[in-house]
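Each chain gets a letter, A, B and so on, in the order the sequences are listed, and its residues count up from 1.
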Amino acid sequence: MGTQLSEIHEYLRWRKRFPTVWCAGCGDGTIMGAILRAIHDLQMPQDSIAFISGIGCSSRMPIYLDFNTLHTTHGRALPFATGVKLVRPDMNVIVVSGDGDALAIGGNHFIHTCRRNIDITMVLINNSIYGMTGGQVAPTTPIGAIAHTMPYGNIDPPFDAVELSLAAGATFVARSTTYNIIQTTNYIKKALQHKGFSFVEIISQCPVLYGRLNGMPDPVDMLLWQKEVAVPLSKAKKMSPEELEGKITTGIFRDEIRPEYTEQVYALSEKLQEKSED
Amino acid sequence: MALNRTTSDGHPVRFVQGNEAVVLGALHSGCRFFGGYPITPSTEIAEGMARELPKVGGVFIQMEDEIASIASIIGASAAGAKSMTATSGPGFSLMQENLGFAYITQLPIVIVNVQRGGPSTGLPTKLAQSDTMQARWGTHGDYTAVVLAASSVQESYEATIRAFELAEKLSTPVIVLLDELIGHMREKLILRMKKDIKEIRRPFPKVPPEWYFPYDIPNDYTAHPAPFGEGFRYSITGLVHDRTGFPTSVPSEVIERLDALREKIITHRKEIWNWKEYEVTDAKYLIVAYGSAARAARGAVAILRKKRIKAGFLELKSIWPFPDGPLMSAAKQAKYVFVAENNMGQLIHAVRENIRHTINVIPINRYDGHPLEPEQIVYFIKEEVYGHSTV
């Protein structure tokens, strides 16, 4: 444990920015640790990383991290990241987003960034609710769940972010949970190594709002719920739709190579510049 | 770009649209990133950049909407590129939130708004100057805008170059307001020679990373955040932040930040101001206008002077911060000031704010999608001179 702590420590702005805004029992810190362990294992230089977010609890993450950090406007992290990556293709661009940030206000940017297959890694922290504004319904809140703007039970059908990213053309897609943090770390590592748009959804917990409103006020209850509903992809393939009702499939859903956007932009530019020199 | 000649002293000459002049001005300024979304009447700017940027190693990207367009150019600016977008009313509305982000984070960008009629979808193919106040007040929160204007193809080129200079120098978003008439009209354009273009670029930090305060407040109030990936790892946020770039809500630090953002533009206002006077020294009747309305105003002065009416004209080539000094000086002899605009009266508020106590300020407006004509301005002025008009 001791060595693990020091590994992460060098990536934190620990002198300046702690404690975090996150509540006790929140999954954001666990996931931040997973991201940092993945970065550390891959020996990615801190200067090479642009860490970008929008607005929300999880989007506060860049403030705590010693990288080139850009904390942008609600839902817009991906187009900001696109600008950074296109100017500095040599940098490793990482976006962290909440479910409201990525799938509601930022839904348009999400599908289009998947489509372009630009080399950005996106970690979506899905806690099924709006945390920072105090527990309103999210595009990921399950049907029937209680939220402060769905006081009689949610009637809005939720998005499946994995299905959405697959349909939109992301070339690396994975899902895990904060309960299974070793698997989560491995998926993030794979995503960071992937050339193209890589997307990792992590089912997280908000015991203070989602949990309290839905009968799981203890963070441990929420983690046990994750353990119960998570079904590995290999197992899920053998299950019937009825058996999968209420379950969350985890695993790597896609890992393929297609032409990457930044490379194509620069290849075209080089071709045109050679032409003008002739 | 059919006509390819040079002036006697070697300057290349083109016969192009205002929108094409913007493209040339941006390229000559070292703009290397354009993120945009098609919208009439600004689309030729995006098309020109898509054609030309890859040839100079720059990047063009058509984003999914105008919100993403401005976000992408701010990201590009954080990575160190001179970047711009171009749009018109509806797209400009969508950009307002992130315009404030670029302002508070002091990341230089250039936005060209080729104005069309509004509100809403309005008159996509007709001219208007009805975003004059939106350019000043559009984003939420206390904000100080830098807005330039142009009334010809040549000026569109010059204003774009100036916009990049000011954006880089002041590390702030700079808006260029054109209108449909200026964007689409074709005129002669004399290009600058390479040697005459001194490319202004934001200064790189002079201190090592461990001493670096990205949002320090120096004497000229201007912070120049270092480009990403150069060893200066720091925090950029749209939250109010202290000198280190980290969020703060300590009242004294909030006041210090908001004051510095305003002061940096106010203290540089004389550098930003740009105007031209026509026959103002003895003018009892002064016209104030910018953009396509300025073309009509110049014509009106010529007609009125022939009739021995002492008319003059102050053309504003920068609008915000409002050039109050040049206005006061041009209006010294004036009994009446006429503000000619292709809208229902916007710039007139700034004019009134400065001189209403001493001089009558009279609006001349046209907002049917067509340009003001010199005769229309003459008509209004003669009404004041004679009590009635006999054009």
Side-chain angles (χ1 to χ4, degrees), chain A residues 13 16-17 21 45-55 60 62-93 105-106 108-109 111-113 115-116 118 261-262 265-266 268-273 275-276, chain B residues 32-35 51-83 85 97-102 104-105 107 109 209 225-239 241-242 244-247:
Chain A
R13 288 168 170 157
K16 297 165 186 162
R17 298 319 307 170
V21 295
Q46 278 161 275
D47 283 334
S48 80
I49 294 172
F51 204 98
I52 301 172
S53 71
I55 294 292
R60 281 296 181 107
I63 305 279
Y64 309 119
L65 299 180
D66 190 10
F67 302 119
N68 302 279
T69 66
L70 184 57
H71 174 230
T72 70
T73 47
H74 195 24
R76 319 302 173 197
L78 285 170
F80 277 91
T82 300
V84 172
K85 183 67 188 180
L86 281 167
V87 174
R88 289 296 301 263
D90 57 320
M91 287 184 79
N92 298 296
V93 180
I105 190 165
N108 196 26
H109 310 310
I111 54 174
H112 286 277
T113 315
R115 169 176 74 89
R116 283 188 199 106
I118 186 166
Y261 191 77
T262 314
V265 167
Y266 278 89
L268 171 72
S269 180
E270 267 164 40
K271 205 172 84 187
L272 288 169
Q273 285 182 87
K275 222 181 196 176
S276 62
Chain B
R32 291 296 176 268
F33 189 93
F34 186 101
R51 214 164 38 235
E52 300 302 324
L53 269 178
K55 294 184 197 164
V56 294
V59 175
F60 169 89
I61 183 168
Q62 182 170 318
M63 294 302 285
E64 52 273 18
D65 59 27
E66 286 90 347
I67 302 173
S69 300
I70 184 169
S72 73
I73 70 168
I74 300 171
S77 180
K82 286 189 178 179
S83 62
T85 188
E97 185 194 7
N98 281 335
L99 175 60
F101 183 88
I104 199 171
T105 57
L107 291 169
I109 53 166
F228 273 6
E230 301 292 338
F232 299 87
R233 298 191 302 270
Y234 64 96
S235 151
I236 302 180
T237 176
L239 290 159
H241 41 268
D242 60 19
T244 62
F246 290 117

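- In this structure, B:S235 OG and A:F67 CZ are separated by 13.5 Å, a value rounded to the nearest 0.5 Å.
- Contacts of A:Y261 with chain B are made by side-chain atoms alone, with heavy-atom separations under 4.5 Å and no backbone atom involved.
- The contact between B:F228 and chain A is made by backbone and side chain atoms together, counting heavy-atom distances below 4.5 Å.
- The residue among B:A78, B:A68, B:P227, B:G80 with the most heavy atom pairs within less than 4.5 Å of chain A is B:A68.
- The candidate with the highest count of non-hydrogen atom pairs below 4.5 Å against chain B, out of A:D90, A:D66, A:L65, is A:D66.
- Taking A:H74, A:R13, A:M91 one by one and counting their heavy-atom pairs under 4.5 Å with chain B, the maximum is reached by A:R13.
- No other option in B:F33, B:F60, B:Y234 has as many heavy-atom pairs under 4.5 Å with chain A as B:Y234.
- The CD1 atom of A:I63 lies 10.5 Å from the CD1 atom of B:I236; values are rounded to the nearest 0.5 Å.
- Using a 4.5 Å heavy-atom cutoff, the side chains of B:L239 and A:R60 are in contact.
- Heavy-atom pairs under 4.5 Å with chain B peak, among A:P45, A:A81, A:S53, A:S269, at A:S269.
- Taken from CZ in A:R116 to CE in B:M63, the straight-line distance is 4.5 Å, to the nearest 0.5 Å.
- At a 4.5 Å heavy-atom cutoff, B:P209 makes no contact with chain A through either its backbone or its side chain.
- Side-chain N or O atoms of A:N68 include none that pairs as donor or acceptor with a backbone N or O of B:R233 at under 3.5 Å.
- Residue A:H109 holds its NE2 atom at 6.0 Å from CD of B:E64, rounded to the nearest 0.5 Å.
- Proximity to chain B (any heavy atom under 4.5 Å) is shown, for A:R115, by neither the backbone nor the side chain.
- Of all the heavy atoms in B:G75 and A:V84, the pair that sits closest is O-CG2, 3.3 Å.
- Residue contact with chain B, scored on non-hydrogen atoms closer than 4.5 Å, involves the backbone and the side chain of A:T72 alike.
- Ranked by heavy-atom pairs under 4.5 Å with chain B, the list A:Q46, A:K271, A:K85 is led by A:Q46.
- Taking 4.5 Å as the limit, some side-chain heavy atom of A:R88 sits within range of a side-chain heavy atom of B:E230.
- Of the residues considered (B:A76, B:A226, B:G100), B:A76 shows the highest number of contacts with chain A, using heavy-atom pairs under 4.5 Å.
- Put simply, CG on B:D65 and CZ on A:R76 are 7.0 Å apart, with the number rounded to the nearest 0.5 Å.
- Taken to the nearest 0.5 Å, the CD1 atom of B:I73 stands 13.5 Å off from the OG1 atom of A:T82.
- Per-residue heavy-atom pair counts under 4.5 Å with chain A were compared for B:G238, B:G245, B:G231, and the maximum is reached by B:G231.
- Neither the backbone nor the side chain of A:E270 comes within contact range of chain B; no heavy atoms are under 4.5 Å apart.
- Counting heavy atoms from C-beta on, the side chains of B:V59 and A:Y266 come closer than 4.5 Å.
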